[in-house]
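Right, one structure below, let's go through it.
Every number for a ligand or one of its atoms is a count from 1 in the order of the listing.
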Amino acid sequence: MQKIIIATTNQGKVKEISELIGSEKIELVMLSTIAPGWEIEETGLTFEENSFIKAKAVFERFEIPVIADDSGLCVDCLGGKPGVYSARYAGYGASAAERNIKLLNAVAKFDPPYYARFICSTTFISNDGIKVFEGILEGMITREQAGTNGFGYDPIFIPEGFTTTLASLSAIEKNRVSHRGRALRKLQEYLIELSLI
Ligand code: IMP
């Protein structure tokens, strides 16, 4: 069975990637399993650069096809922040709830609506080459956290066309509209082309 490494330690992302790409033909291997404790530094200034940095580091080390995701939330009234710093927005070690509170306080200084978007860049590297796929989800920031599903900023983000937060949607509903879902469906088509899945 073809092994594909998922180059992330974020369990929320791992779950969504497995739900979207999982197939009987491939074995998805977590980075934490194959290289425990290995954190790849995200030194890029864009989502695309960071997903490429992670995928390249893993492919060079293991020479096994790899999927890397870099994603985050860009808020218009904050000049696109937290952007590539989404995971570190309230410092290393802060919880998702703490990051959400920090972001709600930051936008509260502006007049609503707080337009924002999630962006996901997914890089896939194999012996067939390097491919990058992007997905975007437009929406807005709420005034308070709502919902318990998903992860990260989901409790404070209302996707365009919805009246509730991403954290109030089921996993299937989120995957249907999300930035990651959009990027991964493009990857899925490519993996089908390569007969990998
Ligand atoms: P990184 O891509 O591992 O650098 O982290 C991206 C960060 O962006 C995550 O830790 C979350 O805080 C946030 N993020 C990315 N995708 C999502 C999502 O689908 N829902 C909520 N937060 C997300």
Side-chain angles (χ1 to χ4, degrees), residues 5-21 30-32 38-58 66-75 78 80-104 106-107 114 116-124 132-142 145-160 162 164-185 187:
I5 301 175
I6 303 182
T8 178
T9 51
N10 178 323
Q11 285 309 311
K13 285 186 187 178
V14 167
K15 181 170 172 283
E16 291 182 6
I17 294 170
S18 309
E19 282 164 359
L20 283 152
I21 298 293
M30 307 308 141
L31 192 61
S32 52
W38 189 30
E39 290 276 349
I40 302 159
E41 219 188 323
E42 294 177 13
T43 51
L45 297 178
T46 62
F47 297 111
E48 186 171 336
E49 264 183 87
N50 278 337
S51 72
F52 174 70
I53 288 169
K54 289 186 268 190
K56 181 169 173 279
V58 172
V66 52
I67 300 170
D69 162 303
D70 198 62
S71 48
L73 179 63
C74 301
V75 183
L78 303 180
K81 283 184 184 162
V84 289
Y85 303 104
S86 291
R88 300 162 264 175
Y89 182 54
Y92 291 99
S95 67
E98 285 165 341
R99 286 193 289 273
N100 287 340
I101 289 167
K102 180 171 174 178
L103 199 111
L104 289 177
V107 297
Y114 309 126
R117 65 202 51 75
F118 274 113
I119 300 179
C120 173
S121 172
T122 298
T123 299
F124 179 76
V132 184
F133 305 96
E134 192 181 71
I136 297 179
L137 174 60
E138 298 283 347
M140 60 178 74
I141 304 300
T142 54
Q145 308 199 42
T148 53
N149 298 333
F151 68 96
Y153 296 98
D154 286 350
I156 61 166
F157 185 89
I158 301 183
E160 199 173 52
F162 288 76
T164 52
T165 66
L166 263 185
S168 310
L169 303 185
S170 69
I172 291 173
E173 284 171 316
K174 178 180 172 185
N175 285 341
R176 202 176 290 143
V177 297
S178 79
H179 47 309
R180 189 163 300 97
R182 286 176 188 178
L184 287 173
R185 275 189 289 279
L187 168 62

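Here the side chains of Ile40 and Val58 are in contact, with some heavy-atom distance below 4.5 Å. In this structure, the side chains of Thr165 and Asp154 stay at 4.5 Å or more apart for every pair of heavy atoms. The shortest side-chain heavy-atom distance between Ile136 and Arg182 does not fall under the 4.5 Å cut-off.
Ion pairing between Asp69 and Lys54 fails under the 4.0 Å rule for side-chain N and carboxylate O.
Counting only heavy atoms of the protein, atom 20 (N) of ligand 1 lies nearest to Asp154 OD1, 2.6 Å. Distance from atom 2 (O) of ligand 1 to its nearest protein heavy atom, with residue and atom name: Lys13 NZ, 2.5 Å. At the shortest separation from atom 15 (C) of ligand 1 among protein heavy atoms lies Ser71 OG, 3.2 Å. Protein heavy atom in closest approach to atom 22 (N) of ligand 1: Tyr153 N, 3.1 Å. Among protein heavy atoms, atom 9 (C) of ligand 1 sits closest to Asn10 ND2, 4.1 Å. For atom 16 (N) of ligand 1, the closest non-hydrogen atom on the protein side is Arg180 NH2, 2.8 Å. For atom 5 (O) of ligand 1, the nearest non-hydrogen atom of the protein is Ala87 CB, 3.6 Å. Among all non-hydrogen protein atoms, the one lying nearest atom 23 (C) of ligand 1 is Phe118 CE2, 3.5 Å.
Within the structure, the closest approach of Gly72 to ligand 1 falls below 4.0 Å when heavy atoms are considered. Taking 4.0 Å as the cut-off, Asp70 counts as a neighbour of ligand 1 on heavy-atom distance.
Of all the atoms in ligand 1, the ones that sit under 4.0 Å from a non-hydrogen atom of Lys174 are 18 (C), 19 (O), 20 (N). Residue Gly152 has at least one heavy-atom neighbour below 4.0 Å for each of these atoms of ligand 1: 21 (C), 22 (N). Heavy-atom contacts of Glu42 reach the following atoms of ligand 1: 3 (O), 4 (O) (cutoff under 4.0 Å). Near His179, the atoms of ligand 1 lying under 4.0 angstrom from a non-hydrogen atom of the residue are 16 (N), 17 (C), 18 (C), 19 (O).
Remark: Glu173 engages no residue in a salt bridge (charged side-chain N to carboxylate O under 4.0 Å, His left out) (not counting sequence neighbours).
Below 30°, between 30° and 60°, or above 60°: for Phe118 and His179 the angle between ring planes is below 30°, a parallel geometry.
Atom CD1 in Ile119 sits 8.0 Å away from atom CD in Glu138 (nearest 0.5 Å).
Within 6.0 Å of the CD atom in Glu49, the count of heavy atoms belonging to other residues, nucleotides or ligands exceeds 12.
Among residues at least two apart or in separate chains, there is no salt bridge (Lys or Arg N to Asp or Glu O under 4.0 Å) pair with a member in residues 82-102.
Ligand 1 has no N or O atom lying under 3.5 Å from any N or O atom of Glu16, backbone or side chain.
Taking all atoms of both residues into account, the shortest heavy-atom contact from Pro82 to Val75 is CD-CG2, 4.2 Å.
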